[in-house]
Every structure is written in C-alpha cells, then in structure tokens.
Amino acid sequence: MPTHRVPHSSDARGVTPQQVLARSGPRLQLEIRALRRDWAGSPVTVWALIDTGAAESCIDEALAGTLGLKLIDWSGMTGIGGPAEHPVYMAELRAPALAWSLKDRLYGVRIDGEPPVILGRDFLASCVLIYDGPGGSITICA
Amino acid sequence: MAKPLEQEIGTFERERARLEREHGGKFALVKGDGVVATFDTFANAATEGLRLFGDEPFMIREVGAPAPRLSVGTLYGHRHADPSRTP
C-alpha cells in the first residue's frame, strides 16, 4: 500500500508546522482532469483539503469550468447556507505521490479560496489517514 | 431553456421506486428517457457512459443514496483559512 507523508512546513513568519497544520488543515496534492471519450483534458495540479466532516468530495465551480469537467447530475446538498442544488461533475483524480488514481464524482460548490478541492469521506474510504498534530504532518496510505 | 439533464432527472424519478427495489447501491446510467444500465462502481458507469455517448449529455446517479452533506465547518472554515498556507 503506497504511503505518502505530507509535512506542513514552518513559514517565514515563524509559524510552526503544528500551527500550519492546525490552521490550514490536512492537505494533499492532486492532479485533476476532465474525462472525455475522444480527448484527455490537461491535468491541473492543486492542493486539496482533506475534510473528514464532508461526506462527498467537492470542487470549486470556477475550476470545474476551467477544466471543462462533464456535468453528470444535480444534487441537493446541505451546507452552511442550508439546502441548495449543486452540479455534479465527473473527473479523474490522481495523487502522484501515492500512485493512486480514480474516476469519481465531484460536487460543484463555490469555495472562494484555496485550496479549490475538498476531499471527503468518499476519498477516505480507500485510504488510511494519520494526523500527526504534534509533528505537523499527515501520512496517507492508499 | 431547459436545465441540463432535466429529461434524465425526470427519467430517474419515474424509475426511482423500481431502481431502489432492484438496484439499490448501484450507479444508474441514464440517457434521455431510458435507464441504460446499472453498475457496481461510479468508474464503470462513467467509462460506459463515455463509450456510448461521448460528449452528449448523460446522467450517473447512485441509487438510494441520501443527499450529500457538507459539514458547516467545511465551507466556513475553508473560506476563512489563510489561503497562503500550503504544506
């Protein structure tokens, strides 16, 4: 099972790795691209926030548009603003560090910031995630 | 102007009871007014949808799945995190 450790580094402002991890949350670098029959979209590399509180993985709608992700459904979803209908896209997700890739659904939401992707428990269903708060790092096995 | 996938959503709703009775937990591939097939995984449904229909509209929906929930913390905390902080 490939294992990848993501250290959350100190920054120039003297913030410790523990503080970076606590403030920014556990993050993993991903490649995302559109799934099409006749062409493969160019992958875009982004940081994704791993959120154990989210059932499903989400992508910022603006990024979904830039990537040309294919719309495959609409779904009611409950978030901070209450229930709302959101587009559902399909995409290929790849974590190069884990030699892991998957064709999956991504729910389109307006994120307004970085990182533009949230990995929910659908992603974690195939992973072991170790959150090392004192060490300021996460380790993922997929 | 019709909403994208409106016809497919109507088809799924019409077939919902039967799908939930016979194909719960599977992924339904829907095109126009017909359910094409159900699949064990989303990836298989996506592959078949692209093979059959290419860039034409088609819908894939998990049969019997509850509406997804985003935690309040997800978007609130996400929007208020320091965007400059990456590992």
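Below, chain A is the first sequence line, B the second, and so on; all start at residue 1.
For B:Arg51, the part sitting under 4.5 Å from any heavy atom of chain A is the backbone (N, CA, C, O) and nothing else. Looking at B:Ile9, only its side chain comes within 4.5 Å of chain A, counting heavy atoms on both sides. Looking at B:Pro66, neither its backbone nor its side chain comes within 4.5 Å of chain A, counting heavy atoms on both sides. Proximity to chain A (any heavy atom under 4.5 Å) is restricted, for B:Leu52, to the backbone atoms N, CA, C and O.
Here the two rings, on A:Phe123 and A:Trp100, have centers that are under 6.0 Å apart.
For A:Glu61 and A:Arg110, the salt-bridge test fails: no basic side-chain N is under 4.0 Å from an acidic carboxylate O. Here B:Lys3 pairs with A:Glu85 in a salt bridge; the nearest charged N to carboxylate O distance falls below 4.0 Å.
Counting heavy-atom pairs under 4.5 Å between each of B:Pro4, B:Ala43, B:Gly54 and chain A puts B:Gly54 at the top. Of the listed residues (A:Gln29, A:Met90, A:Arg105), the one with the most heavy-atom contacts under 4.5 Å to chain B is A:Arg105.
Judged by a 6.0 Å distance limit and a 45° cone about the ring axis, B:Lys31 is positioned over the six-membered ring of B:Phe53.
Distance CD1/B:Ile60 to CZ/B:Phe39: 8.0 Å, rounded to 0.5 Å.
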